[in-house]
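Chain A is the first sequence line, chain B the second, and so forth, proteins listed ahead of strands; every chain is numbered from 1.
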Amino acid sequence: MNSLTKGAKWKALWRQGLSPTTTAVRHHWNKDYKPGPFPKTQEERELAAKKYGVPIEEYEPYPDDGSGAGDYPKLPMISAENKDPFYPWDNPELKRNFGETLHEDFDALTEDRLDVNRQFHLPLWQLVAQFFAVTGGLAALILFAQPFKMYRAAVPPQYPNQGKTHYSFEQA
Amino acid sequence: MGNSVGYIPSNMYDLYFHPEITPDPTEEPTFDPLLGFPNGRKAREMKVTEAEMVSAKLPLKDRDYCAHKLIDFRACRKENYPFVVNCSHEKHAFLTCKYDDFVIRMKEYERERRLRKKRQAVQSQKQLETIET
């Protein structure tokens, strides 16, 4: 097969022209995804902020504790649920714009995943109290009803091997 | 006989508030089964032996006085499969037997209840006589 397509230029072109995409799709990773090293000087910080499109006042990298984030900026956690659904996003499904710098855990903040900014309609202690009020109320009802047994008025089932004679109601 | 389902709540009430005259459904009858039958009663007859029931692989809960009907029904099903609708006669016979069995159990319960009521009435009558004399 290789010998048949050996002289074909389109093969080399296809390989060359699509190489970053092909690599990313085939191997789920691309060397361009890797962040730079942790910025130590002010110049490195400014360069990194420019690279990621973040204002230098807001730029703050992740702590250099070996997690491998490098110079990637520490962005606020805003889940997709909390973003404006009526804003004309370039990608409405993910609620993101083209070229937008993403949070490092962006895959966990989409609409089908976490909603880290969720606000309940009541304080948490009230919700917990409601839960225990309902379950405790049901448990109290069940415990109260324990001594009252409903049953069909009949003696226990009669089996021939119980060591006693069972009688029908016909006269012998 | 009454309605065995409709009286379920009142059974609950009676067992809790009048346990002396209401028999517990989990306990066997306490009176002599031949009390009040001068000619005796016909004993219930087991049509199949234990060995036959073991051979037919009947579950323990089905080894009652209807076991022979159940064995017939299962044999018919096995012979007629997949046309098991031909076994409607055997099925009906088995279910009728189970129904009659339950009727006997209900009658035994009601007998126990009435005898207890009668015993209580006799005892209170005796107490009344001792107070009067």
Linked, directly or transitively: [X] and [Y] (ILVMFWY side chains, under 4.5 Å):
{"X": "F31(B)", "Y": "I21(B)", "result": "no"}
{"X": "Y109(B)", "Y": "V103(B)", "result": "no"}
{"X": "L122(A)", "Y": "L124(A)", "result": "yes"}
{"X": "L141(A)", "Y": "F131(A)", "result": "no"}
{"X": "L95(B)", "Y": "V48(B)", "result": "yes"}

Over 12 foreign heavy atoms within 6.0 Å of [atom1], [X]:
{"X": "K91(B)", "atom1": "NZ", "value": "no"}
{"X": "R119(B)", "atom1": "CZ", "value": "yes"}
{"X": "F17(B)", "atom1": "CZ", "value": "yes"}

Is [X] in contact with chain A via its backbone, its side chain, both, or neither, using a 4.5 Å heavy-atom distance?
{"X": "S10(B)", "answer": "neither"}
{"X": "E50(B)", "answer": "side chain"}
{"X": "R113(B)", "answer": "neither"}

Notebook entry, point to check: Mind checking which of residues 36-47 of chain B sit less than 4.5 Å from chain A, heavy atom to heavy atom?
Noted result: F37(B), N39(B), G40(B), R41(B), K42(B), A43(B), R44(B), M46(B)
Next item on the list: Tabulate, in ascending numerical order, the residues of residues 54-66 of chain B having at least one heavy atom closer than 4.5 Å to a heavy atom of chain A, or enter 'none'.
Entry: L60(B), K61(B), R63(B), D64(B), Y65(B)
Next item on the list: Would you mind listing every ring-ring contact (aromatic ring centres under 6.0 Å, His included) that reaches into residues 77-99 of chain B, with sequence neighbours excluded?
Entry: none
Notebook entry, point to check: Picking from D14(B), L34(B), T22(B), N11(B), which has the most non-hydrogen pairs under 4.5 angstrom with chain A?
Noted result: N11(B)
Of the non-hydrogen atoms in [X] and [Y], which two are nearest, and what is the gap between them?
{"X": "M150(A)", "Y": "I8(B)", "result": "CB-CG2, 3.4 Å"}
{"X": "Y151(A)", "Y": "P23(B)", "result": "OH-O, 3.7 Å"}
{"X": "Y16(B)", "Y": "P147(A)", "result": "CE1-CB, 3.7 Å"}

Check: Residue by residue, which of residues 156-172 of chain A have a heavy atom closer than 4.5 Å to a heavy atom belonging to chain B?
Finding: P156(A), P157(A), Q158(A), Y159(A), P160(A), N161(A), Q162(A), K164(A), T165(A), H166(A), Y167(A), S168(A), F169(A), E170(A), Q171(A), A172(A)
